[in-house]
K.L.:
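Input: one structure, supplied below.
All chains are named by letter (A, B, ...) in the order of the sequence lines, taking the proteins before the strands, and each is independently numbered beginning at 1. Computed from heavy atoms alone, side chains included, the values below leave out hydrogens, waters and symmetry copies.
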Amino acid sequence: MTSEQQTQTDTYDPQAVERKWRERWEKRRTNTVDLRDAARPYYNLMMFPYPSAEGLHVGNVFAFVGSDIHGRFRRLQGWDVFEPIGFDAFGIHSENYALKVNLHPGKLIPQNITRFREQLKRSGLMLNWEHEVSTTDPAYYRWTQWIFLQLFNAGLAVRKKAPVNWCPECKTVLANEQVIDGNCERHPGVRVEQRFLEQWFFTITKYAARLLENLETIDWSESTRLMQRNWIGRSEGAELVFETPAGSPIPVYTTRPDTVFGATYLVLAPEHPLVDEVTAHEKWDDVNKYRRRAAEKDVVSRRKEERDKTGVFVGSYARNPATGESVPIWVADYVLMEYGTGAIMAVPAHDERDHEFATKFGLEIRQVVEADDEALNELPFSSWDGRLVNSSDFNGMSCRQAVSQITSWLAERDLATSKVQYRLHDWCISRQRYWGPPIPIIYCDDCGALGVPEEDLPVVLPALDDFRPDESGISPLARHESWYRVPCPSCGKPGRRETDVSDTFLDSAWYFLRYPSTEFDDRPFDAAMTKKWLPVSSYIGGNEHAVLHLMYARFISMALHDLGHLGFEEPFRRFRAHGTIVKDGAKMSKSRGNVVVPDEYQAKWGADTFRMYLMFLGPYLEGGDFRDQGIVGIRRFLDKVWGLVRAAGPAGSVVDRAALRILHQTIARVTNDLEELRYNTAISGLTEYVNFLRGSGDADEHASPSLEPSLLEPLAIMLAPFAPHFAEECWERLGHTDTVFEATWPPSDPSLARDEEIELVVQVNGKVRARLRVPPGLTKDDVVARALDDETVQRFLDDKDVKRSVYVQDRLVSLVV
RNA sequence: GCGACCGUGGCGGAACUGGUAGACGCGCAGGAUUUAGGAUCCUGUGGGGAAACCCGUGAGGGUUCGACUCCCUCCGGUCGCACCA
């Protein structure tokens with residue numbers, strides 16, 4: 001065989017290389033880690049997928065690959081990396097799809113999971129398949145139910161009748177977060193209704209303050225923390241009491257107690273319990289009619305065009321605690337029962353909404369703040385920078401001062417208390433659906449609601465053919481008497497199981513606790529394992545889960561911590577939100593028909609090229625538009641590396657000083673970029689290094705130069721997180737028999753990386769006029785002297801005196817004339 | 001409406017705490033090789049100009065020796081929240 005023929009047959013064949021290493025990794029268990037004996041545990045977590053029928057799309061692959069690169073990088077740095085995966089397979093998503101294709105989710109989900117597994121394995125992820133979990137596995141949801149019981153026993157799971165969002169299409173209750181502009185998030189255009197149902201709630205509001213405070217202590221993407229902060233929505237103010245002549249006093253919450261002298265009327269939410277009490281007889285019909293109409297709307301939001309202020313006067317008055325005046329009481333749906341006390345004092349001069357309402361119904365508008373900024377003084381305005389007017393003894397006082405003064409003045413008569421209010425609501429976990437873990441509660445006429453004894457867990461979801469939800473608002477499980485009829489665990493009399501299942505977000509609020517402990521079937525998470533591996537070292541996922549999933553997971557960890565089950569409050573030490581891959585400017589979705597699947601790209605180019613290409617597309621933390629125009633560039637790059645590796649010379653020759661310098665500069669750059677998840681620029685760094693190597697040495701035009709292996713080994717290692725199969729093959733060809741992932745990440749030596757000569761820019765009056773090649777470390781005087789020597793510089797100085805000069809070490813000198 | 005982020009060549013994108021704008025890649029042009037095509041390799045590639053130079057980071061202003069970067073106003077886009085008192 002001639003050398004030319006050999007060259008032709010020994011080109012890079014991604015499919016062959018990837019098959020070889022996939023098999024080898026599996027056989028050698030390269031991707032597993034000894035959970036018990038690991039010396040430097042590093043828990044690298046990625047958000048587990050919901051196994052849809054469509055399979056993984058490139059957005060998923062983008063997310064997983066970015067996390068995988070991080071895990072592989074940490075492993076090369078000497079950590080014992082645990083990178084598990086699982087499937088979040090309960091929930092409305094799966095159930096609705098199952099109904100649509102008329103196949104039981106219990107049959108459908110395993111099929112989907114099988115496909116997901118194949119796709120994930122094909123993507124070259126360092127996943128540890130020995131610790132896979134599926135939320136639909138009774139061995140898993142047994143512990144989901146256990147967690148419910150722990151919260152129930154601690155009084156953190158309560159049953160209350162509450163207005164809930166009801167989607168007539170899903171035929172179930174929705175969390176507030178699932179209502180978008182008054183419509184169901186899954187059914188755009190379908191109005192969400194309000195229903196009053198008995199529901200199970202986790203009292204996450206008890207944790208509002210801690211959930212907020214702890215945000216300062218964790219290393220998370222700032223955007224995610226901000227969203228959580230807004231979601232928790234802390235505000236400071238006071239609760240003021242408006243007494244009524246007829247009956248109970250009405251407490252209101254306000255952030256502006258300083259404006260109480262301008263409170264000219266009071267508004268109650270339609271659902272407010274005191275409405276009946278304050279309504280005058282002659283207004284009874286009006287008020288009830290209004291309340292009935294309001295109840296038909298959903299709780300969360302109303303469309304913009306429906307935001308016209310409506311309301312009705314109840315026919316009675318309350319006493320303004322500051323002025324002593326009688327102010328009319330109204331009922332209006334612009335006041336929400338869920339926030340504050342469900343009642344407000346209206347200050348139409350300084351609140352836009354109150355002003356609109358007062359104008360419409362002809363109520364008094366009294367200015368009590370004069371803004372410092374004259375331009376603001378047109379009513380209504382709301383400003384903290386102003387002084388009180390029309391406020392008796394408090395006239396002239398600044399708003400901020402008046403807040404505390406007025407609050408304590410009223411407090412002396414028990415008419416005010418300072419109060420911190422949160423926007424966060426309790427978490428409704430009841431779902432009147434089939435495809436979820438049954439809530440482990442048994443009702444008994446004598447004993448009430450009792451938790452299922454722990455030894456009876458799991459409460460297995462029965463395999464029903466008839467699981468379709470109906471109009472009744474009752475779970476499909478409630479149609480199956482043989483399932484829900486059970487004796488009371490306390491007295492033994494006939495009891496009845498809870499027939500609602502729990503929210504999918506509960507399944508995913510603790511899955512990361514399960515991964516290290518999958519081998520234990522007698523406990524949810526083993527104490528020693530948990531201590532060793534948690535909190536999670538790095539969590540990477542989409543910002544679409546910035547509020548719900550991440551908030552719930554934090555809450556569950558915090559609650560389990562307080563109950564003595566966990567040694568930490570915050571489950572994720574570090575969280576980074578990756579960007580979103582969109583297609584033609586829109587999120588990929590089946591309905592838009594813009595879903596791109598990875599399979600064909602992986603088949604054509606190989607997983608490694610595809611991985612690298614996705615990471616090269618743009619900043620990992622920002623995402624971008626998917627297009628495939630540039631993928632060939634990555635392939636060309638790998639071909640070049642392949643050529644260099646094939647042509648590698650024997651070890652032991654002297655390495656060029658310049659090559660060594662570029663190598664160490666590259667190592668420093670790539671290491672830095674990987675730390676910060678800047679994968680696109682890390683790849684650029686590697687490309688520049690390879691371009692340099694190809695131009696050095698003894699190469700003629702068509703052949704790669706024969707290089708010292710010590711210049712290529714670090715390259716193979718740095719490439720390994722991005723293109724793992726490819727890097728393994730290179731590593732082997734460079735004479736190694738073990739996996740490249742047992743190698744050590746190359747250290748960068750600053751003394752070797754230092755430049756011998758640098759380019760120094762000379763500016764005259766701020767414009768670049770010359771570039772000098774000089775050794776680094778010159779003094780300012782020296783540099784200025786050299787700059788003045790330069791011909792072009794002289795021309796622009798034009799014999800004028802240098803008035804000032806600025807020198808930035810080894811970068812630039814700026815002369816001002 | 002409120003909050004956050006973003007706007008740089010034909011395209012994706014670089015530019016660390018204010019210090020050489022356009023790294024790296026795609027595309028394109030010219031050349032080499034090839035019977036041809038493809039592949040590969042070399043060179044060039046923000047705009048204007050023969051050149052010296054001039055102009056350029058959404059628009060306008062400001063701070064500075066120096067601004068993609070900081071400040072103000074506006075325009076455009078993405079995301080989150082949205083009658084939260």
K.L.:
Classify the side chain of A:Thr687 and the base of B:C24 as holding, or not holding, a donor-acceptor pair under 3.5 Å.
P.N.:
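Counting by modelled atom types and ignoring angles, no donor-acceptor contact under 3.5 Å is found here.
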
K.L.:
For A:Phe726 and A:Tyr12, take the angle between the two ring planes, folded into 0 to 90°, and tell me which bin it lands in: parallel under 30, tilted 30 to 60, perpendicular over 60.
P.N.:
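The arrangement is perpendicular - the two ring planes meet at more than 60°.
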
K.L.:
Under a 3.5 Å cut-off on both pairing distances, which runs of 3 or more consecutive Watson-Crick or G-U pairs involve RNA chain B?
P.N.:
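In RNA chain B, stems of three or more pairs: B:1-7 with B:75-81, B:10-12 with B:24-26, B:27-32 with B:40-45, B:46-48 with B:53-55, B:58-62 with B:70-74.
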
K.L.:
For the ring pair A:His549 and A:Phe505, is the centre-to-centre distance below 6.0 Å?
P.N.:
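Between A:His549 and A:Phe505, the centre distance exceeds or equals 6.0 Å.
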
K.L.:
How about A:Trp330 and A:Phe361: are their ring centres within less than 6.0 Å of each other?
P.N.:
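Yes: the rings meet the under 6.0 Å criterion.
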
K.L.:
Tell me: OH of A:Tyr422 to P of B:A85, nearest whole Å?
P.N.:
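Checked: the OH to P distance equals 14 Å.
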
K.L.:
Apply the test side-chain hydrogen bond (donor to acceptor under 3.5 Å, both in side chains) to residues A:Asp628 and A:Tyr613: give CA-CA distance (whole Å), side-chain angles for both, the deciding distance (0.1 Å), then the verdict.
P.N.:
CA-CA 9 Å; A:Asp628 52 18; A:Tyr613 178 62; over 6 Å; no

K.L.:
Using a heavy-atom cut-off of under 4.0 Å over every strand shown, decide if A:Lys767 touches base, sugar-phosphate, or nothing.
P.N.:
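The answer is sugar-phosphate, as A:Lys767 gets under 4.0 Å only of primed atoms, P, OP1 or OP2.
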
K.L.:
Heavy atoms under 4.0 Å, any strand shown: does A:Val761 hit a base, just sugar-phosphate, or nothing?
P.N.:
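Since a base atom lies under 4.0 Å of A:Val761, the category is base.
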
K.L.:
Any side-chain to backbone donor/acceptor pair from A:Tyr601 onto A:Thr609? Under 3.5 Å, distance only.
P.N.:
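Here the side-chain-to-backbone pair does not exist.
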
K.L.:
Apply side-chain hydrogen bond (donor to acceptor under 3.5 Å, both in side chains) to A:Ser382 and A:Asp351, showing your working.
P.N.:
CA-CA 6 Å; A:Ser382 165; A:Asp351 182 283; over 6 Å; no

K.L.:
Taking OH from A:Tyr807 and P from B:G18, how many angstroms apart are they, rounded to a whole number?
P.N.:
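Answer to the nearest Å: 19 Å.
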
K.L.:
Answer with yes or no after comparing the ring centroid distance for A:Tyr422 and A:Tyr339 against a 6.0 Å cut-off, counting only values under it.
P.N.:
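That pair fails the under 6.0 Å test.
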
K.L.:
Rounding to an integer number of angstrom, what distance separates B:C6 and B:A14 when you compare their P atoms?
P.N.:
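Each nucleotide's P atom is 12 Å from the other's.
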
K.L.:
Counting distance alone, no hydrogens or angles: does the base of B:C65 have a donor or acceptor under 3.5 Å from a partner atom on the side chain of A:Lys803?
P.N.:
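Absent.
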
K.L.:
Can you give one letter per nucleotide of nucleotides 2-15 of chain B, going 5' to 3': B for a protein heavy atom under 4.0 Å from the base, S for sugar-phosphate only, - for none?
P.N.:
-SS-------BSS-

K.L.:
With a 4.0 Å cut-off on heavy atoms, is A:Glu759 in touch with a base, just the backbone sugar-phosphate, or nothing at all?
P.N.:
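Touches a base.
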
K.L.:
What's the base orientation of B:G66: syn (chi within 90° of 0) or anti?
P.N.:
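For B:G66, whose glycosidic angle is more than 90° from 0, the conformation is anti.
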
K.L.:
Would you mind classifying the nucleic acid contact of A:Arg769 as base, sugar-phosphate or nothing, using non-hydrogen atoms under 4.0 angstrom?
P.N.:
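Here A:Arg769 touches the backbone only, sparing every base.
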
K.L.:
Round to the nearest Å and state the distance from A:Asp351 atom CG to B:C83 atom C1'.
P.N.:
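My rounded result for the distance is 9 Å.
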
K.L.:
Are the aromatic ring centres of A:Phe357 and A:Tyr265 under 6.0 angstrom apart?
P.N.:
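Centroid separation for A:Phe357 and A:Tyr265: below 6.0 Å.
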
K.L.:
Touch check for A:Gln763, heavy atoms < 4.0 angstrom, all strands: base, sugar-phosphate only, or nothing?
P.N.:
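Since a base atom lies under 4.0 Å of A:Gln763, the category is base.
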
K.L.:
Look at all strands and tell whether A:Arg229 reaches a base, only sugar-phosphate, or nothing, counting heavy atoms closer than 4.0 Å.
P.N.:
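Since no nucleic acid heavy atom lies under 4.0 Å of A:Arg229, the category is nothing.
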
K.L.:
Compile the donor-acceptor pairs under 3.5 Å between side chains in residues 757-767 of chain A and protein atoms, sequence neighbours left out, one pair per line.
P.N.:
| unit_1 | atom_1 | unit_2 | atom_2 | d |
| --- | --- | --- | --- | --- |
| A:Glu757 | OE1 | A:Arg773 | NE | 2.9 |
| A:Asn765 | OD1 | A:Val817 | N | 3.1 |

K.L.:
In this structure, how many angstroms lie between the C1' atom of B:G80 and the CZ atom of A:Arg423, rounded?
P.N.:
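From A:Arg423 CZ to B:G80 C1': 10 Å.
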
K.L.:
For A:Thr224, report the nucleic acid contact type (base, sugar-phosphate, nothing); a contact means any heavy atom under 4.0 Å.
P.N.:
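A:Thr224: no heavy atom of the nucleic acid under 4.0 Å.
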
